[in-house]
Amino acid sequence: MSRPELLEQIYTIVDQIPAGRVTTYGRIAAMTDGATPRMVGSAMRHLPEGHQLPWHRVIAASLTLADHGGAERQHQKLRDEGVMFDSKGRVSAHLVWPDGT
DNA sequence: CGCGTGACCTCTG
DNA sequence: CCAGAGGCCACGC
């Protein structure tokens with residue numbers, strides 16, 4: 001599977017994330033055919049200008065915001081969508097998409 | 001072609 | 001919970 005294809009899959013999956021829900025890099029990578037979490041992170045980092053993707057709904061597997069400069073903005077956006085964080089800065093596990101243990 | 005780096009993940013202690 | 005080790009793939013130098 002070519003990288004552009006994987007990129008398309010990543011964009012598609014992220015676009016399918018419902019509002020108020022979140023998912024992890026690993027999950028997205030697992031949904032794609034062969035992509036790795038690093039590729040997902042790279043895709044989010046090199047996002048196009050006219051992107052409409054809910055990148056803020058993509059978090060780390062530990063249910064914490066990834067370590068990047070836009071973490072504050074991401075936190076804001078998620079909070080604005082109704083996503084609640086606990087005192088440890090973690091997202092409620094039942095908000096994870098597609099599953100919600 | 002090798003090396004370092006990165007919005008990461010999983011497994012062990 | 002934190003730290004370390006190994007693995008993953010693409011990019012720039």
Side-chain angles (χ1 to χ4, degrees):
Chain A
M1 201 60 86
S2 47
R3 326 320 171 245
E5 267 290 325
L6 295 178
L7 206 56
E8 285 294 315
Q9 295 182 13
I10 294 174
Y11 280 102
T12 302
I13 294 171
V14 174
D15 190 52
Q16 300 313 305
I17 304 176
R21 287 293 208 46
V22 294
T23 194
T24 70
Y25 298 92
R27 272 226 159 85
I28 297 177
M31 293 181 206
T32 62
D33 186 26
T36 63
R38 279 216 134 77
M39 289 184 66
V40 180
S42 198
M44 296 299 99
R45 191 193 174 195
H46 282 231
L47 273 177
E49 299 184 7
H51 66 66
Q52 194 100 12
L53 300 174
W55 58 273
H56 50 272
R57 294 177 195 155
V58 183
I59 63 177
S62 43
L63 301 184
T64 56
L65 299 187
D67 186 19
H68 65 104
E72 286 295 312
R73 237 169 316 180
Q74 184 175 11
H75 186 108
Q76 175 83 47
K77 284 173 173 287
L78 287 177
R79 190 184 61 180
D80 190 58
E81 288 189 352
V83 178
M84 301 299 287
F85 293 82
D86 60 3
S87 45
K88 301 179 187 63
R90 296 194 310 184
V91 180
S92 308
H94 61 82
L95 291 179
V96 179
W97 178 84
D99 208 284
T101 54

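These numbers come from a predicted model, not from an experiment. Residue numbers begin at 1 in each chain, while the letters A, B, ... track the order of the sequences.
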Figure out the CZ/C1' separation between Arg73(A) and dA7(B), and round it to whole Å. 13 Å
Would you compute the distance between atom CZ of Phe85(A) and atom NE2 of His75(A) and round it to the nearest 0.5 angstrom? 5.0 Å
Reckon Arg57(A) has a side-chain N or O less than 4.0 Å from the OP1 or OP2 of dA7(B)? no
Nearest 0.5 angstrom please: Ile59(A) CD1 to Arg90(A) CZ, how far? 10.5 Å
Taking the minimum atom-to-atom distance to the side chain of His68(A), which one of dA7(B), dC8(C), dC1(C) wins? dA7(B)
Between dC8(B) atom P and Gln74(A) atom CD, what is the distance in whole Å? 11 Å
Side chains of His56(A) and Glu81(A): do they bring a donor and an acceptor to under 3.5 Å? yes
Expressed in angstrom and rounded to an integer, what is the separation of Leu78(A) atom CG from dA7(B) atom P? 18 Å
More 5' along DNA chain C: Thr36(A) or Arg90(A), using each one's nearest nucleotide? Arg90(A)
dG6(C) to dA7(B) separation - P atoms, rounded to the nearest Å: 22 Å
Figure out the CD1/C1' separation between Ile10(A) and dC9(C), and round it to whole Å. 11 Å
Taken to the nearest whole Å, CD/Glu72(A) to C1'/dA7(B) is 15 Å
Base, sugar-phosphate alone, or nothing: which one does Met44(A) contact when heavy atoms must sit under 4.0 Å apart? base
Distance in angstrom units between Tyr25(A) OH and dG6(B) C1', rounded: 12 Å
How many Å lie between NE2 on His51(A) and C1' on dA7(B), as a whole number? 13 Å
Would you mind telling me which residue lines up with the more 5' stretch of DNA chain C, Pro37(A) or His46(A), judged by nearest nucleotide? Pro37(A)
Side chain to side chain donor-acceptor pair (under 3.5 Å) partners for Thr64(A), two or more places apart: Ser62(A)
Quick one: does Arg38(A) reach the base of dC8(B) with a side-chain donor-acceptor pair under 3.5 Å? yes
Considering only side-chain heavy atoms of Asp67(A), which listed nucleotide, dG6(B), dC9(B), dC8(B), is closest? dC8(B)
Just verifying a value: how many Å separate Gln16(A) CD and Met31(A) CE, rounded to the nearest 0.5 Å? 10.5 Å
Length of the line joining Arg45(A):CZ and dC9(C):P, which is rounded to integer Å: 20 Å
